[in-house]
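Only one structure is covered here, and it is reproduced in the block below.
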Amino acid sequence: MEQYILAITYLIASVLFIFGLKMLGDPKTARRGNILAALGMGLAILATMAFHKNEAGERIGNYGWIIGGLVIGTIAGWLSAVKVKMTAMPQMVSLFNGMGGACAALISISEFDHLMHMSAGSATAGILLTMVAGLVIGSVSFSGSMIAFAKLQGIMKKNIRFPLYNIINILIMIGIVVISFIIIRQIPADPYPYFYGLFALSLLYGILFVIPIGGADMPVVISLLNSFTGVAAAFGGFLYDNQVMLTGGILVGSAGTLLTIVMCRAMNRSLTNVIFGGFGSGAKAA
Amino acid sequence: MESILSFIGDHMEMIYIIILSIFVGVEVISKVPSALHTPLMSGANAIHGVVIIGAIIVMGHADPGNIAALILGFLAVVLGTLNVVGGFVVTDRMLEMFKKKK
């Protein structure tokens, strides 16, 4: 009975997300759309706390911790969102986006830890793949968003561009793929160092990805990182067989990607140009 | 390789959801005035805060004796909530500004 109420609530929340996003695209309905999406989120959170059971049929526990976290997050989020100056909005979005990415990465880390403590052989390649993907994408989104925040906030003013920049980035990316493969194939007896190595490398990649990009291009980068976090959330949904995380995450992933492209087009640029060209930094006009 | 294939096979329904959601996301965004790009990005940012559900699940099933797991889960809940609440409030403020201009 309860699992059906949960499933139906997730369905309603997903529909509210879609409607909310659609209404956000029209100036007349935008504000209501935002509230609808928030309503969907609230429903999904409450239903999860009340009705969720894991595969073993255990209910949610640790209510004190959860509610404490929700209260702290709500107060901090609300205050910082209300107090921020209108001109500082974009970096705020970036900051909150980074929080979501970090959240996705932390979920992967704790689930990995949990999995390693369970009996051997319970880790299938598919589960490890979703965990690793959530970790990598979430971490890249987190560190990238923090750099974008620092740049827009004026903490970091220079656009640092190393020699052989693109080659270094490609090498790191290859490293991420290789380590992911090693973990998924369960080659090492002790996967922890690999997992944390992957975490560190992903954070580094996020930083290197954003530092050469100029402030004028930051909204595009934030939009891209935004869609990354969406995908990371969707991998979380895959991990838990959780439909609302899946639909919400993928919705943002695809809408965010398209939005990124549209924003580039509005600036008369291509996405590859923003990411690899360093045009906004004035380094070279590609 | 086989285990990845069987994982995909076991999750066919979810893969369908993914494919369809991609199209919905693209469709929903396709005709948006450029002035709304930033609020839309911000709204989407709040929606991917749905990752908070995962954080609640992690926290809710963490072993109360495992301090590290509790702290990780707690942090995840706090960060996820920040994303959700901050995201929606910032979007609302942006749209409020939008209204005044008109």
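Letters A, B, ... are given to chains in the order of the sequence lines, protein chains preceding strands, and every chain is numbered from 1.
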Regarding [X] and [Y], do their side chains bring together a donor and an acceptor under 3.5 Å, going by distance alone?
X	Y	value
A:Tyr240	A:Asn54	no
A:Thr48	A:Tyr10	yes
B:Thr81	A:Thr74	no
A:His117	B:Asp63	no

Determine the option with the most heavy-atom pairs under 4.5 angstrom with chain B, choosing from A:Val231, A:Val84, A:Leu70.
A:Leu70
If you tally heavy-atom pairs under 4.5 Å against chain B, which of A:Gly248, A:Gly61, A:Ser80 wins?
A:Gly61
Region of B:Ile17 in contact with chain A, defined by heavy-atom distances below 4.5 Å:
side chain
Report which part of B:Ala62 has an atom under 4.5 Å of a heavy atom belonging to chain A: side chain, backbone, both, or neither.
both
When only pairs under 4.5 Å are counted, which of [options] shares the most heavy-atom pairs with chain A?
options	value
B:Val26, B:Leu75, B:Asn66, B:Leu79	B:Leu79
B:Val32, B:Ile56, B:Ile8	B:Ile56
B:Val78, B:Val84, B:Leu70	B:Leu70

Using atom types as modelled, flag every donor-acceptor pair under 3.5 Å from a side chain in residues 9-16 of chain B to any protein atom, sequence neighbours excluded.
unit_1, atom_1, unit_2, atom_2, d
B:His11, ND1, B:Phe7, O, 2.8

Distance-only check: which donor-acceptor pairs under 3.5 Å involve side-chain atoms of residues 126-135 of chain A, not counting sequence neighbours?
unit_1, atom_1, unit_2, atom_2, d
A:Thr130, OG1, A:Gly126, O, 3.4
A:Thr130, OG1, A:Ile127, O, 2.7

Sort A:Asp26 into side chain, backbone, both or neither according to what part of it lies under 4.5 angstrom from a heavy atom of chain B.
backbone
